[in-house]
Number of protein chains: 2
Amino acid sequence: MKTIQGYQTIIHEQLQLLDLEWKDNGLYDPIKYILSLGGKRLRPVLTLMASDCFEGQLEDAYRPALGIELFHNFTLLQDDIMDEAPLRRGKPSTHIIYGESGTILSGDVMFSKAFSLVTSCKDQHLRAVMDLFNETAIEVCEGQHMDMAFENRDDVSIGEYIEMIRLKTAVIVGCALKLGAILAKASKEESQAIYDYGVNLGIAFQIQDDILDVFGDSKHFGKQVGGDIISNKKTYLLLKALEEANSKQEAALNYWLAETDFDARQKVDAITTIFSQLHIKEQAEKVMHQYYDKAIHALENLRIKEENKTYLRQFARMLMDRIQ
Amino acid sequence: MKTIQGYQTIIHEQLQLLDLEWKDNGLYDPIKYILSLGGKRLRPVLTLMASDCFEGQLEDAYRPALGIELFHNFTLLQDDIMDEAPLRRGKPSTHIIYGESGTILSGDVMFSKAFSLVTSCKDQHLRAVMDLFNETAIEVCEGQHMDMAFENRDDVSIGEYIEMIRLKTAVIVGCALKLGAILAKASKEESQAIYDYGVNLGIAFQIQDDILDVFGDSKHFGKQVGGDIISNKKTYLLLKALEEANSKQEAALNYWLAETDFDARQKVDAITTIFSQLHIKEQAEKVMHQYYDKAIHALENLRIKEENKTYLRQFARMLMDRIQ
């Protein structure tokens, strides 16, 4: 097994080679641009990691891994159009530079190229790889759809919320890992086990993200603390608070959710105070740990080297050890 | 072989069955809507037709054919967003009803479902089917990109124009036919021959469309005559006229292309007059016939029943016998 940085370096190099393959016309410029904005490349790293865990030919996983990264960036590019977001990683969003129509069209090519890369595999794996990726792509859309629909609903349950983050965020993590496993000829059961590891880890990670958005240290977290509160985002924390609030707390929450003209600091403080009264952070952490434990538990059934299991456990630990 | 109507009936029934498979949530509504607007379903009909020509199991081609229709409608849905078109087949466009963000997202699902349907085939055909569809999808995007780029260019050559319509319109016709051939276990050479038949027919059809837009009878053609002229669309006719115009004709053409405040009838008459002076219609018809002949010629190498060849020849004839 390589270090995370080792896998990142491979992805970085392979992305540069891929860039050279693309036609030098305007259709590919938005793709090159969004990929140039960087990112941790964690999803393709997971594909390589899984391939190594099952002792596959690492090179066989290079192009499929790039397909996963391309698909992920395609979803970012489209999210920015749908959210009318002006910035992505501190730079102008793709559609701001290339226009909306051009970006939509380049997104289609990006999606097609992702398909083509993911399925750059031996024919014996083609059906499994294609079905996995296709199902994941549809699920990610369904998750995004749920997230958008939540904005206009006031009866979102916690179960629905977990399902939304599973679809929108977690299945692609599971898919990236399962892809590496399939390419390395892992059995169906083992491919499923590493998928479960990924999905549960993804859910835990997203719940932690919700927690950090309110209780994190902005210096380390890298985002504005309270952003979710300011935008009325229906996170685990808010939904749990609405579920457990007494009538006075519920009235206060609803007041802040309805108020359009407010002082951001005041709103964040008021809602955070209610979260604290209701011990929401502790409850969210408990659920987060449940999913984390499920992820670790899924590793038990893998028939891989013990040191590779340790690697996956340590990776999960590292991912969750963001500074709170 | 069945009649065209016979194949259309199958597609119609299969689309209704497909509709029932989709989740009853907002994500699938735009897909159901655009498919409900109708259309001749010619592309999936071609897949069934090719399957029958090569004496394949027709049922094996049902779902792949639906995938082709879904992909085609996905491109229509996106074109309408990009062109900000308010109407599609006389009804409000999808994004007018479901909003732009929702329609973009449903488009992604539609594209994924198209992939899934097209590749609903025996594993032995999977690689060939997937590569064909993926390549076609990318080419259609490249064609659409060229078309959009042409709007801002005044140096488009006729060669580039033919390449644009090949990519944007014709390759999907070839793809639909080749798909049916592959599923019916046609050889590589035969699959390629029926693809060439489709692509050349597609190009001939599009050039005929350009001719009919100016010289057609609006009652029979079903579109406003002169629409391309009014919108300065760089068709074969306009590009040829610009190429052959004397300095006075060129000045007149450029005047009308630059003028923003004009009487539509007057502009159409003026440009049509120049087309007539330069015998543009006759030249366009000549090129159209060249592609038509290439299409028919491609059939020669097929080792299929003579009556099936006759069927394909008659189909081509019928397609081109729109009333001028």
Side-chain angles (χ1 to χ4, degrees), chain A residues 22-23 25-30 71 74-75 77-79 81-84 99-131 133-149 151-152, chain B residues 22-23 25-30 71 74-75 77-79 81-84 99-131 133-149 151-152:
Chain A
W22 289 329
K23 290 188 190 166
N25 75 31
L27 185 56
Y28 292 86
D29 290 343
F71 174 71
F74 158 71
T75 64
L77 175 144
Q78 279 214 339
D79 282 0
I81 296 176
M82 292 190 271
D83 298 344
E84 298 178 19
E100 205 177 290
S101 294
T103 303
I104 289 175
L105 194 62
S106 294
D108 296 342
V109 173
M110 214 168 164
F111 196 6
S112 296
K113 290 280 178 192
F115 253 103
S116 170
L117 285 164
V118 165
T119 56
S120 299
C121 62
K122 295 205 175 83
D123 282 357
Q124 67 192 105
H125 304 308
L126 183 55
R127 174 65 70 189
V129 163
M130 222 208 56
D131 287 351
F133 184 60
N134 217 332
E135 194 178 317
T136 304
I138 290 173
E139 287 180 334
V140 171
C141 292
E142 289 180 346
Q144 171 72 3
H145 176 72
M146 284 179 87
D147 197 17
M148 282 161 62
E151 284 174 28
N152 305 312
Chain B
W22 288 330
K23 290 187 191 168
N25 75 30
L27 184 57
Y28 292 85
D29 290 344
F71 174 70
F74 158 71
T75 65
L77 175 144
Q78 280 213 338
D79 281 1
I81 296 177
M82 291 190 271
D83 298 344
E84 298 179 19
E100 206 177 291
S101 294
T103 303
I104 290 175
L105 194 62
S106 294
D108 295 342
V109 173
M110 212 167 166
F111 197 6
S112 296
K113 291 280 179 193
F115 253 103
S116 169
L117 286 164
V118 166
T119 55
S120 299
C121 63
K122 295 206 175 82
D123 282 357
Q124 66 192 107
H125 305 308
L126 183 55
R127 174 65 70 189
V129 164
M130 220 207 58
D131 287 351
F133 183 61
N134 217 331
E135 193 178 318
T136 304
I138 289 171
E139 287 180 334
V140 171
C141 292
E142 289 180 346
Q144 170 71 5
H145 175 72
M146 283 179 87
D147 197 17
M148 282 161 62
E151 285 174 27
N152 305 311

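Excluded from the calculations below are hydrogen atoms, water molecules and symmetry mates; all remaining heavy atoms, backbone and side chain alike, are included. Just so it is clear, the model here is predicted, and its values are computed rather than measured.
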[X] portion near chain A, given a 4.5 angstrom heavy-atom threshold:
{"X": "B:Tyr28", "result": "side chain"}
{"X": "B:Thr75", "result": "neither"}
{"X": "B:Met130", "result": "side chain"}
{"X": "B:Glu135", "result": "neither"}
{"X": "B:Glu100", "result": "side chain"}

- Option in B:His145, B:Lys23, B:Met82, B:Met148 with maximal non-hydrogen atom pairs under 4.5 Å from chain A: B:His145

- Which residue out of B:Ile138, B:Ile81, B:Val109, B:Val140 racks up the most heavy-atom pairs below 4.5 Å with chain A? B:Ile138

What is the distance from atom [atom1] of [X] to atom [atom2] of [Y], rounded to the nearest 0.5 Å?
{"X": "A:Asp123", "Y": "B:Leu126", "atom1": "CG", "atom2": "CG", "answer": "8.0 Å"}
{"X": "A:Met146", "Y": "B:Asn25", "atom1": "CE", "atom2": "CG", "answer": "8.5 Å"}
{"X": "B:Ser101", "Y": "A:Gln78", "atom1": "OG", "atom2": "CD", "answer": "9.5 Å"}

- Parallel, tilted or perpendicular, as decided by the 30° and 60° cut-offs, for the rings of A:Phe74 and A:Phe111: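 Rings of A:Phe111 and A:Phe74: parallel, as their planes differ by under 30°.
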
- Query: In terms of heavy-atom pairs under 4.5 Å, which option from A:Ser116, A:Gly107, A:Ala137 contacts chain B the most?
  - Reply: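 Highest number of pairs under 4.5 Å: A:Ser116.
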
- What residue in A:Gly26, A:Gly99, A:Cys141 has the most heavy-atom pairs under 4.5 Å with chain B? A:Cys141

- Could you tell me whether A:Phe115 and B:Phe133 have their ring centroids closer than 6.0 angstrom? no

- Are any side-chain N or O atoms of B:Ser120 and backbone N or O atoms of B:Leu117, one a donor and one an acceptor, separated by less than 3.5 Å?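 Side chain of B:Ser120 to backbone of B:Leu117: a pair is present.
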
- Task: Verify, without hydrogens or angle tests, whether B:Ser112 (side chain) and B:Asp108 (backbone) share a donor-acceptor contact under 3.5 angstrom.
- Result: yes

- Which atoms of A:Ser106 come close to chain B, meaning under 4.5 Å heavy atom to heavy atom: side chain ones, backbone ones, both, or neither?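 Contact with chain B: none, neither part.
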
